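Keep in mind it's a predicted model, so treat the numbers as computed, not measured.
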Amino acid sequence: MLSPVMEDYLKTIYHLQRRDGERVSTSAIAEELDVTAPSVTSMVGKLEERGLVEREKYAGVRLTPDGERVALEVIRHHRLLEVYLAEHLDYDWSEVHEEADRLEHHISEAFEERMAAALAEPTVDPHGAPIPGADLEPPVSRVEGDLTDVVEGDRVIVEEVRDEEPAVLEYLADHGVRPQVELEIIEVAPFGMVTVQPADRSETVSIPERIAPHVKIAPVKTDE
């Protein structure tokens, strides 16, 4: 049986691999989890003994197929829980991440199946992130960049919003920036501020440089 900490490491390595490439460094894991490098080295050793990660000196760490399945199962639990909390318990999207973090390690597979069925098998969580299916195949993301990649005049769809900072989510929600909302890029300031016009709002909103990377986007598809 894996501990919640072990599962958190596997989930973190999975996310870093998707972001940074096939292998991830000890320092990247330490930064993401806010722990020391020696702690990461110790835990990676334990995961390696269980056949869940492969470690190559100077090259980094990657998940084995077994490690990836564990990570995807935890991610599935987490994102289903977020949907359940938002849809059935009236949690705000800024509240569900921390609550799901606490619960994701402690639900049974029977509970997961019933929860997924009760939710009609959702495919994305409240922040737009794709939910792995019951087969635990890696989900396909539609994200093609974020609000640091745009130029004035672009029209984009918000696909996902990073869920770690409640204050950021509250700010974005207050200004109509949520998954599946179309944005027109009005201005990109030299210092990084991005001003956007949500399609369903009459006013523009300025997205500070620190927040822009949180908003994951794809171009609006136009008929040719």
Mind checking whether [X] and [Y] sit in one hydrophobic cluster, side chains of I, L, V, M, F, W, Y counted as touching below 4.5 Å?
| X | Y | result |
| --- | --- | --- |
| L183 | V168 | yes |
| V220 | V143 | no |
| V151 | V196 | no |
| M6 | V24 | yes |
| I107 | L2 | no |

With Y171, the side-chain contact (heavy atoms from CB on, under 4.5 Å) member among P166, S94, P208 =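 That would be P208.
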task = Scan E99, H97, E87 and name whichever one has a side-chain contact (heavy atoms from CB on, under 4.5 Å) with E82.
result =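 One option only clears the test, and that one is H97.
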Would a 4.5 Å heavy-atom cut-off, applied to side chains only, mark [X] and [Y] as touching?
| X | Y | result |
| --- | --- | --- |
| I211 | E165 | no |
| Y91 | P126 | no |
| V40 | S27 | no |
| L16 | R19 | yes |
| P4 | H106 | yes |
| V83 | I131 | yes |
| P130 | V140 | no |
| H175 | I207 | no |

Would you check if the side chain of [X] reaches a backbone N or O of [Y] as a donor-acceptor pair within less than 3.5 Å?
| X | Y | answer |
| --- | --- | --- |
| Q17 | L63 | yes |
| T204 | T195 | no |
| E160 | V215 | no |
| E184 | R155 | no |

Taking all non-hydrogen atoms of both residues into account, name the closest pair between [X] and [Y] and its distance.
| X | Y | result |
| --- | --- | --- |
| V181 | P198 | CG1-CB, 4.1 Å |
| L169 | R162 | CD2-O, 3.5 Å |
| P139 | L72 | CD-CD2, 3.8 Å |
| P213 | K216 | O-NZ, 3.0 Å |
| A86 | V96 | N-CG1, 4.1 Å |

Look up atom [atom1] in [X] and atom [atom2] in [Y], then write down how far apart they are to the nearest 0.5 Å.
| X | Y | atom1 | atom2 | value |
| --- | --- | --- | --- | --- |
| D34 | I29 | CG | CD1 | 14.0 Å |
| E187 | M193 | CD | CE | 9.5 Å |
| D66 | L47 | CG | CG | 12.0 Å |
| D125 | L85 | CG | CG | 11.0 Å |
| L10 | E73 | CG | CD | 11.0 Å |
| F111 | L81 | CZ | CG | 6.5 Å |

Between [Y] and [X], is there a side-chain donor-acceptor contact under 3.5 Å, judged purely by atom types and distance?
| X | Y | answer |
| --- | --- | --- |
| T148 | D146 | yes |
| H77 | E112 | yes |
| Q180 | E159 | yes |

task = Report the C-alpha separation of V161 and W93 in whole Å, then their side-chain angles, then the decisive distance to 0.1 Å, and conclude whether the side-chain contact (heavy atoms from CB on, under 4.5 Å) test is met.
result = CA-CA 10 Å; V161 180; W93 80 327; 4.1 Å; yes
inquiry  = Test side-chain contact (heavy atoms from CB on, under 4.5 Å) on I217 and V150; report intermediate values, then the result.
reply    = CA-CA 9 Å; I217 58 169; V150 296; 3.5 Å; yes
request  = State which residues pass ring-ring contact (aromatic ring centres under 6.0 Å, His included) with H88; sequence neighbours excluded, sorted by chain then number.
outcome  =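 Partners of H88 under the ring-ring contact (aromatic ring centres under 6.0 Å, His included) test: Y84.
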ask   = Has E31 got more than 12 heavy atoms of other residues, nucleotides or ligands less than 6.0 Å from its CD?
value =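 Not buried by this count: 12 neighbours or fewer within 6.0 Å.
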side-chain hydrogen bond (donor to acceptor under 3.5 Å, both in side chains) partners of residues 114-124, not counting sequence neighbours, each pair once =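 Qualifying pairs: none.
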task = Would you mind listing every side-chain hydrogen bond (donor to acceptor under 3.5 Å, both in side chains) that reaches into residues 42-56, with sequence neighbours excluded?
result =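 Sorted pair list: R23-E56, E48-R55, E54-R62.
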request  = Show the numbers, then the answer: is there a side-chain contact (heavy atoms from CB on, under 4.5 Å) between D8 and M43?
outcome  = CA-CA 11 Å; D8 281 340; M43 179 57 72; over 6 Å; no
Pair R178 + D200: basic N to acidic O under 4.0 Å =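 Judged by the 4.0 Å cut-off on N to carboxylate O distance, R178 and D200 do not form a salt bridge.
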task = Give me the one residue out of H78, R76, R79 that meets side chain to side chain donor-acceptor pair (under 3.5 Å) with E104.
result =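 Going through the options one by one, the only one that passes is H78.
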Worked check of side-chain contact (heavy atoms from CB on, under 4.5 Å) between V205 and L172 = CA-CA 9 Å; V205 56; L172 293 172; over 6 Å; no
